[in-house]
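I am attaching a structure below and will ask some questions about it afterwards.
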Amino acid sequence: MSSPAPSTADRALTTLQNVWGYSAFRGVQGEIIEQVAGGGNALVLMPTGGGKSLCYQLPSLLRQGVGVVVSPLIALMKDQVDTLRQNGVRAAYLNSTLAPHEAREVEQALQRGDLDLLYVAPERLLLPRTLELLEHAPVALFAIDEAHCVSQWGHDFRPEYQQLSVLPQRFPHLPRVALTATADDRTRADIKSVLHLHDAPEFISSFDRPNIQYRVMLKSSPKTQLLEFIREEHAGDAGIVYCLSRKSVEDTARWLQAQGIDAVPYHAGLSPRERSHAQERFLNEEGLIVVATVAFGMGIDKPNVRFVAHLDLPKSMEGYYQETGRAGRDGLPGTAWMVYGLSDVVNVKRMLAQSDAPEEVKRVESAKLDALLTYCETAACRRQTLLAYFGETQARPCGNCDTCLHPPQARDMTREAQMALSAVVRTGNRFGAAHVTDVLMGRETERIVALGHHQLPTFGVGAAHDEKTWRGVLRQLVSLGYLAADDHYGLNATPRSRALLKGETQLQLREDALIPQTGTRKKEK
Ligand code: ADP
Ligand code: ZN
């Protein structure tokens, strides 16, 4: 009696169980695998931790030949290959870390058809020699991981990725699957254009990470706030703390250590050995905290990271989403915690303004930053705001973010905003937040008197509010684009502010003074 040949779907499931030991596919994994195993192209958008790897690894096993995986993450290739080998998959990698004789061995295995999966760095793939090798080897498919790197609009632009258009040109009949966790419309369009995926089906998974609790609060004394957060909610947990500069990475790590917390620094200024040591410790130990710049984390697969803390603002919503996405990959509760303040907003805006990127790129970047600032300032559900940015609508507030758990007061602050704007304008559009606040509160400091600012009509008009409120108003005005900051942190009113000054627009602001800070709030479950 002959039984019918098993369908691709059946073979896929059997392989999943036999090789990986998982019982079922997650979300759209199964559909993607069928599409690619059947020889089709695909564009896969899945959040970090969603399970992208299987979408190319499994079809590579189902098809004849080797699956070639293009990845920019050289540092992680060895780990990925080791894991696959432990599962009995014939995997190898080609990148600059291999000695010539090692690379030769991999190339020979490739030619003999002895590989199921080959990870290769883009610059290696693009070498004429490698391309020629591949033309004469049995290739099952090309997987382009971290595909958003093709886009110069993104935060991870890699010029080599743009040259990957050789793949559709030289291997038009082989399936291509592009995968990424971050792609707005523009990036998606770039991926399709470089990799010729115009007709490929798009598989888009929800970006929601329901187990991550999002919290954003004002920065007062960031290290102490962080320490309280860790002690009260994540004692002994593994976590990542992101800082903007190498120096603050070093400072923060040292300070945490001094408080008895197991923390290591990680940034691009450390030697490769120090970095891989930190990374290995993080992967293998239970409760280590890595204090890092954004150099850390891309592609790191540690399922039980319990929190991601930002001591400085990321540059975009994409960056924020990707970094916070490293928490709770195992599906258990995780916290995305961030503090930010007026000077952060000013700093990041200045950095953008001063970069020598082309004007158009700057405009896009500044729009991305503004989206993040709106997210920070929102009185609405953080998750709804975050997902809306990625084009997803959630009908209801999530109940698992700080604004849902402790709804902030939003108040009509048009009058206060007008006072602050006119204090900025009357003092000549050049003083920083501290001085403007002194003027509003009517403080006769030496500087105020010397400048004659105590004689201005705005002097003291804001005495009814405290300093914190004025700082909050100024910060929100900068975040929302009514005020801009110059190179010396001086504030100036933007053209947008005119309507507000004339009373043609209203402004709802968060009453920040009323928002509970860490320490005063109860532990959230
Ligand atoms: P991504 O590349 O999208 O960030 P990974 O491919 O690294 O995600 O997968 C994240 C985690 O989920 C890994 O630990 C992986 O082994 C696990 N995983 C993926 N697919 C499944 C599945 N179908 N069943 C169980 N675990 C899975
Ligand atoms: Zn919410």
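Just so you know, ligand 1 is whichever comes first in the structure, and atom 1 is the first atom listed for that ligand.
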Report yes or no: does Ala181 have a heavy atom closer than 4.0 Å to ligand 1?
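Heavy atoms of Ala181 never come under 4.0 Å of ligand 1.
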Return the option from Ser53, Gly331, Cys55 holding the heavy atom at the smallest distance from atom 5 (P) of ligand 1.
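Minimum heavy-atom distance to atom 5 (P) of ligand 1 goes to Ser53.
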Which protein heavy atom lies closest to atom 4 (O) of ligand 1, and at what distance to 0.1 Å?
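Of the protein heavy atoms, Gly49 N, 2.6 Å lies nearest.
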Where the side chain of Gln152 meets the backbone of Phe157, is there a donor-acceptor pair that is under 3.5 Å apart?
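Such a contact is absent between Gln152 side chain and Phe157 backbone.
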Given the ring of Tyr214, does Arg383 sit roughly above its face, with NZ or CZ under 6.0 Å from the centre of the six-membered ring and within 45° of the axis?
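Geometry flag: not set, cation outside 6.0 Å or 45°.
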Could Lys302 and Phe282 be counted as a cation-pi pair, given that NZ or CZ must be under 6.0 Å from the ring centre and within 45° of the axis?
yes
Is the ring pair Tyr56/Tyr119 parallel, tilted or perpendicular, if the boundaries are 30 and 60 degrees?
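Because their plane-to-plane angle is over 60°, the rings of Tyr56 and Tyr119 count as perpendicular.
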Quick one: does ligand 1 sit under 4.0 Å from the side chain of Met46, the backbone, both or neither, non-hydrogen atoms only?
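The answer is neither; Met46 stays 4.0 Å or more away.
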With the Zn ion (ligand 2) as the apex, the SG/SG angle for Cys398 and Cys401 - to 10°
110°
Within less than 4.0 angstrom of ligand 1, does Ala24 place any heavy atom?
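Flag set, Ala24 near ligand 1.
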How far is atom 13 (C) of ligand 1 from its nearest protein heavy atom, and which residue and atom is that?
Asp301 OD2, 3.5 Å
Passing option when Thr180 is tested against Gln322, Arg188, His148 for side-chain hydrogen bond (donor to acceptor under 3.5 Å, both in side chains):
His148
For Ala37 against Arg63, the heavy-atom pair lying closest together
O-NH1, 3.2 Å
heavy-atom search around atom 8 (O) of ligand 1 in the protein gives Gly51 N, 3.2 Å
Would you mind listing which atoms of ligand 1 come within a distance below 4.0 Å of any non-hydrogen atom of Pro47?
3 (O)
If every non-hydrogen atom of Val264 is compared with every non-hydrogen atom of Ala278, which pair is closest and at what distance?
CG2-CB, 4.2 Å
Hey, looking at atom 27 (C) of ligand 1, which of Phe25, Tyr56, Tyr22 has the closest heavy atom?
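It is Tyr22 whose heavy atom sits nearest to atom 27 (C) of ligand 1.
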Hey, does Arg26 sit under 4.0 Å from ligand 1 if you only count heavy atoms?
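Yes, Arg26 has heavy atoms under 4.0 Å from ligand 1.
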Does Val89 offer a backbone N or O that forms a donor-acceptor pair with the side chain of Asn87 under 3.5 Å?
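Not a single qualifying donor-acceptor pair exists.
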When distances are taken from atom 20 (N) of ligand 1, the protein heavy atom at minimum range is Gln29 NE2, 2.9 Å
Vertex the Zn ion (ligand 2), arms to Cys404 SG and Cys381 SG, rounded to 10°
110°
Atom pair CD (Glu377) and OG1 (Thr385), whose distance is rounded to the nearest 0.5 Å
12.0 Å
